[in-house]
Amino acid sequence: MASIVGNKLIRVIRPAGEGDLEVINDIYNHYVAETHVTFDDEPMEMETRREWFSHYAETGRHRLLIAAEDGQVIGYASSSRFRPKPGYLTSVETSIYLAPDAVGKGAGSKLYAELFRALEAEDLHRAYAGIALPNPASIALHERFGFKRVAHFTEQGRKFGRFWDVDWYEKPLGEAT
């Protein structure tokens, strides 16, 4: 998916490749260091990021897509295994992270639209997303894509010396919504 204005490539959504991992890691590590939206408190090392990447493919339930603008990765979205037990195989957890200067410019919506389009043919029943609060932009994005809040956990995670609440959202997949 791309738009051209003059000779400038505005946005491309595609499966992530090994060459995207450093930028993906930089984007994620920004959120580790600067925000409460992930409860990791140490930057992810590239060795760990490579192992994480091995869980994704260009087909199947577990996808990793990137958004690029002018050839630069500006964000990514994923559908990951929800829980390790076999009964959960038809559920995925979705995540989305954008470079700080890409927030609010439509990349997140385009990433999620493409991710859910890619998952349509898969044997999936539900998508879940945990959102550390407050995060009104993430809530709005998820609700725009049909997620509904199904749980509110108080003080579920600790970071930056305080506890944070987390809302869990659910979206039906593979059926009329």
Side-chain angles (χ1 to χ4, degrees), residues 13-18 20-21 24-25 27-29 31-32 35-67 75-98 107-159 163-177:
I13 308 294
R14 63 169 172 76
E18 183 91 25
D20 300 316
L21 292 183
I24 287 171
N25 210 41
I27 291 169
Y28 183 76
N29 284 339
Y31 289 92
V32 171
T35 77
H36 70 283
V37 301
T38 176
F39 291 147
D40 279 332
D41 56 8
E42 294 291 328
M44 185 175 288
E45 301 289 333
M46 281 306 297
E47 181 178 321
T48 304
R49 178 63 64 196
R50 283 185 197 92
E51 193 281 324
W52 169 87
F53 180 66
S54 73
H55 298 247
Y56 298 98
E58 290 191 25
T59 61
R61 297 175 174 127
H62 307 132
R63 308 284 183 103
L64 177 61
L65 302 179
I66 62 98
Y76 66 95
S78 64
S79 60
S80 304
R81 190 163 187 165
F82 178 64
R83 303 273 307 227
K85 296 178 181 169
Y88 291 109
L89 286 175
T90 58
S91 296
V92 291
E93 182 176 351
T94 61
S95 296
I96 189 162
Y97 289 91
L98 299 174
S109 291
K110 290 187 179 191
L111 271 165
Y112 254 9
E114 186 62 22
L115 178 65
F116 292 119
R117 187 204 60 73
L119 295 175
E120 284 175 0
E122 301 303 329
D123 180 23
L124 289 170
H125 186 63
R126 293 285 185 266
Y128 295 95
I131 301 173
L133 304 175
N135 194 337
S138 186
I139 290 169
L141 175 69
H142 285 85
E143 288 178 345
R144 212 168 25 254
F145 280 88
F147 282 83
K148 303 283 187 226
R149 188 177 95 160
V150 293
H152 175 81
F153 293 95
T154 59
E155 299 183 346
Q156 189 177 29
R158 184 170 64 186
K159 188 171 181 181
F163 289 95
W164 301 88
D165 292 356
V166 176
D167 279 351
W168 277 89
Y169 283 74
E170 175 183 74
K171 172 185 173 61
L173 297 173
E175 58 192 51
T177 55

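The chain is numbered in sequence order, starting from 1.
Note: Trp168 CH2 to Glu93 CD = 4.0 Å, rounded to the nearest 0.5 Å. Put simply, NE2 on His142 and CZ on Phe147 are 5.0 Å apart, with the number rounded to the nearest 0.5 Å. Taken from NE2 in His152 to CD1 in Ile131, the straight-line distance is 12.5 Å, to the nearest 0.5 Å. Within the model, atoms OH of Tyr169 and OG1 of Thr94 stand 12.5 Å from one another, a figure rounded to the nearest 0.5 Å. For the atom pair CG of Asp165 and CD of Gln156, the computed distance is 9.0 Å after rounding to the nearest 0.5 Å.
Contact record, Pro15 with Glu58: CB-CG, 3.7 Å, taken as the closest heavy-atom pair. Across Leu115 and Ser78, no two heavy atoms sit closer than the pair CD2-O, 3.7 Å. Contact record, Leu141 with Ser109: CD1-OG, 3.7 Å, taken as the closest heavy-atom pair. Here the closest heavy-atom approach between residue Asp123 and residue Thr90 is recorded as O-CG2, 3.5 Å. Closest of all the heavy-atom pairs between Leu119 and Gly60 is CD2-O, 3.9 Å. Nearest heavy-atom pair, Ala67 versus Leu111, reported as atom, atom and distance to 0.1 Å: N-CD2, 3.7 Å.
Not a single donor-acceptor pair under 3.5 Å links the side chain of Lys159 to the backbone N or O of Asp41. Judged purely by atom type and a 3.5 angstrom limit, Asn25 uses its side chain to pair as donor or acceptor with the backbone of Met44. Tyr31 places a side-chain N or O within 3.5 Å of a backbone atom of Leu98 that can act as its donor or acceptor partner. Although no hydrogens or angles enter the test, the distance criterion places a donor-acceptor pair under 3.5 Å between the side chain of His36 and the main chain of Pro134. Counting only distance, with no hydrogens or angles, the side chain of Thr35 and the backbone of Val37 share a donor-acceptor pair below 3.5 Å.
Counted by atom type alone, Tyr56 and Ser79 present zero donor-acceptor pairs between their side chains at under 3.5 Å.
Between Arg144 and Tyr112, the closest side-chain pair of non-hydrogen atoms is not below 4.5 Å. With a 4.5 Å cut-off on side-chain heavy atoms, Asn135 and Asp167 do not count as touching. Contact annotation: the side chain of Arg126 never approaches that of Tyr88 to less than 4.5 Å [non-hydrogen atoms, C-beta and beyond]. His125 places none of its side-chain heavy atoms less than 4.5 Å from the side chain of Pro172. Residues Leu64 and Ile24 meet the side-chain proximity criterion, which asks for heavy atoms closer than 4.5 Å. Between Asp20 and Arg14 the shortest side-chain heavy-atom distance falls below 4.5 Å.
Results of the salt bridge (charged side-chain N to carboxylate O under 4.0 Å, His left out) test with Glu122 over Arg61, Arg117, Arg63 single out Arg63 as the only residue that passes.
In this structure, Tyr76 and Trp52 have perpendicular ring planes: the angle between them is above 60°, well past the 30° mark.
Classification of Glu143 and Arg149 as a salt-bridged pair fails, no side-chain N sitting under 4.0 Å from a carboxylate O.
Evaluation of the ring-ring contact (aromatic ring centres under 6.0 Å, His included) rule for Phe53 yields no partner, not counting sequence neighbours. Judged as a ring-ring contact (aromatic ring centres under 6.0 Å, His included), and not counting sequence neighbours, the contacts of Tyr128 are Phe82.
Heavy-atom contacts from other residues, nucleotides or ligands closer than 6.0 Å to CZ of Arg81 number more than 12.
Taking the centre and axis of the six-membered ring of Phe116, the NZ or CZ atom of Lys171 falls inside the cone set by 45° and 6.0 Å.
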